[in-house]
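Below is one structure, written out as structure tokens, with a few remarks after it.
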Amino acid sequence: MAESRQQILILHLAVPDMGGATVAWALYDGARPADEQMQAGSQSDPPYASVLDAMHDGWRVIQLPSLPSYPRGSEYETGPLPWEYVLERMVSLDSTDE
Amino acid sequence: MNSEANQGHLLNASTMAKFAVDGFVEFDDLVPQELSEQVHQDALVYPANRGFDPNLPREFWDSSSAVREVFGLAAVKGVVRSLVGPSPVHNHSYLHTVPPGKLEAQRWHVDSALAAEHPRRFDVLVCFFPHTTPAEMGPTLVLPGSHLRRVSYHDVTRYKNFRGQVQLTGGGGRIAFMHESLWHCAQPNTTNNWRFMFKIRYQPNVPQRGLFDVEGWDDPEIHAFFNDARRRHVWVGDRFAAMERERLDWWRYLSGVS
């Protein structure tokens, strides 16, 4: 039985709707060595148009972002990207195709 | 970008608006080619890649009269004055390098912790590129508009790619002036040559309001440009309304009217 490893795909959407457009993305691949990981600035187009699009390709969603609350006085504060979805899939070491 | 700073030395309202929207402005016509080439030669003979020494916070600056001449140019000083006012503090400077064949990108980061008065109180990072830097040579990568987000140094390292990220590629002699909170990182260098970028961090000694040529600050063209950021900064998503309000408040402050 082939060993398997986890791939983590992080998609940031324009809106909380899981069909919303991907605006940022990162892949952390447990099946590849450190020097073969996705690099900052390496891609100009996302691998999936949305979280839903990635689900159609077999990715499992393992974290959904909480919807916001707005304490009075900080309604217009912005920080990191809010609509961050974490997805995973397991791949066997002899069939990594990402 | 053609530079009106070459005439009056202070940035005009439309260029300052670009800084407010994108978090940086870049010029390719402030520094004579021969001077850029001299800085490049000085960089080539400078001991390479030994890291920043906090006890020598301006080592390349002290070693290169050419780089000091670049930052003494009236046009360059005019842009600096427009952003941080007269007599700013040269906090530190450093000759950044990407060695030939370095295939790992730097992580996304910002060069600041959260300032209490963000974005109003900011240092400016002045990045001088003495030689032509194509995409394959490790140019600086920036995310336009990111300076308005409240994050600290390495909070953004998990990110890898954004729609709208921009590599600062181009010819030698370019200078980019960045807000300290702009997200950025160096890129891989697949060439056989060293990539150099000299960066100075200037701190203001005065409140940063009314420092540029504010004529026309409230013109319809300025507001149309602000409104267009929603289309250009796709990565912002549905947070555009909060950022627009933050930017407008800051713009009124920068322009000296609030």
Side-chain angles (χ1 to χ4, degrees), chain A residues 7-29 32-51 53-54 63 65 67-88 98, chain B residues 102-110 114 118-119 135 138-143 145-152 154-169 181 183-188 190 230 233-250:
Chain A
Q7 294 178 322
I8 291 289
L9 177 66
I10 306 173
L11 298 181
H12 302 270
L13 305 187
V15 293
D17 183 332
M18 292 168 70
T22 303
V23 296
W25 59 99
L27 175 69
Y28 292 88
D29 190 342
R32 292 188 182 278
D35 61 358
E36 293 182 12
Q37 298 295 313
M38 180 180 281
Q39 303 253 11
S42 60
Q43 298 177 351
S44 55
D45 295 309
Y48 297 102
S50 67
V51 169
D53 190 27
Q63 179 179 292
L67 296 180
S69 60
Y70 298 105
R72 290 188 187 279
S74 61
E75 295 88 343
Y76 296 96
E77 295 286 350
T78 58
L81 305 190
W83 315 127
E84 179 181 77
Y85 290 84
V86 182
L87 304 93
E88 73 159 4
E98 185 63 24
Chain B
K102 181 173 176 57
L103 302 181
E104 183 182 9
Q106 191 181 29
R107 296 183 177 105
W108 283 101
H109 63 282
V110 297
L114 277 176
H118 172 270
T140 303
L141 181 72
V142 301
L143 184 62
S146 56
H147 61 300
L148 291 177
R149 310 294 285 234
R150 288 176 55 80
V151 301
S152 182
H154 298 111
D155 294 352
V156 296
T157 55
R158 187 192 294 165
Y159 303 130
K160 295 300 177 187
N161 289 286
F162 301 86
R163 292 185 64 194
Q165 61 196 6
V166 174
Q167 287 184 330
L168 299 183
T169 59
S181 293
W183 303 6
H184 66 278
C185 60
Q187 290 284 272
T190 61
R230 187 182 302 190
H233 297 169
V234 176
W235 66 271
V236 168
D238 69 352
R239 299 301 286 159
F240 64 83
M243 290 181 69
E244 285 175 354
R245 176 170 165 146
E246 172 105 70
R247 183 169 53 239
L248 199 54
D249 284 349
W250 181 38

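Chain naming here is simple, since letters A, B, ... match the order of the sequence lines and numbering starts at 1 in each.
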query = Do any N or O atoms from the side chain of B:N161 and from the backbone of A:S42 form a donor-acceptor pair under 3.5 angstrom?
reply = yes

Cut-off 4.5 Å, heavy atoms of chain A, and the answer for B:L103 is backbone

Honestly, the part of B:V234 sitting under 4.5 Å from a heavy atom of chain A is both

Scanning both residues in full, the closest heavy-atom pair of A:T22 with B:R163 reads O-CD, 3.3 Å

From the list B:W183, B:Y159, B:F240, the residue making the most non-hydrogen contacts under 4.5 Å with chain A is B:Y159

Nearest heavy-atom approach of A:Y28 to B:T157 is OH-O, 3.9 Å

So, the part of B:E246 with a heavy atom under 4.5 Å from chain A: the answer is side chain

dist A:W25:CH2 -> B:F162:CZ (nearest 0.5 Å) comes out at 9.0 Å

dist B:R149:CZ -> A:L81:CG (nearest 0.5 Å) comes out at 5.5 Å

Turns out that what part of A:E84 lies under 4.5 Å from chain B's heavy atoms comes down to side chain

The interface call for B:E244 against chain A, heavy-atom contacts under 4.5 Å, is neither

One should read off an interatomic distance between A:T78 OG1 and B:R245 CZ, to the nearest 0.5 angstrom, of 12.5 Å

Scanning both residues in full, the closest heavy-atom pair of A:A40 with B:L141 reads C-CD2, 4.2 Å

Determine whether a donor-acceptor pair (N or O, by modelled atom type, separation under 3.5 Å) exists between the side chain of B:Q165 and the backbone of A:Q43. yes

Looking only at heavy atoms, the pair that brings B:P188 and A:Q39 closest together is CG-OE1, 4.4 Å

Nearest heavy-atom contact between A:P82 and B:R239 is CG-CG, 3.9 Å

Closest non-hydrogen contact found for A:Y76 with B:A242 is CD2-CA, 3.7 Å

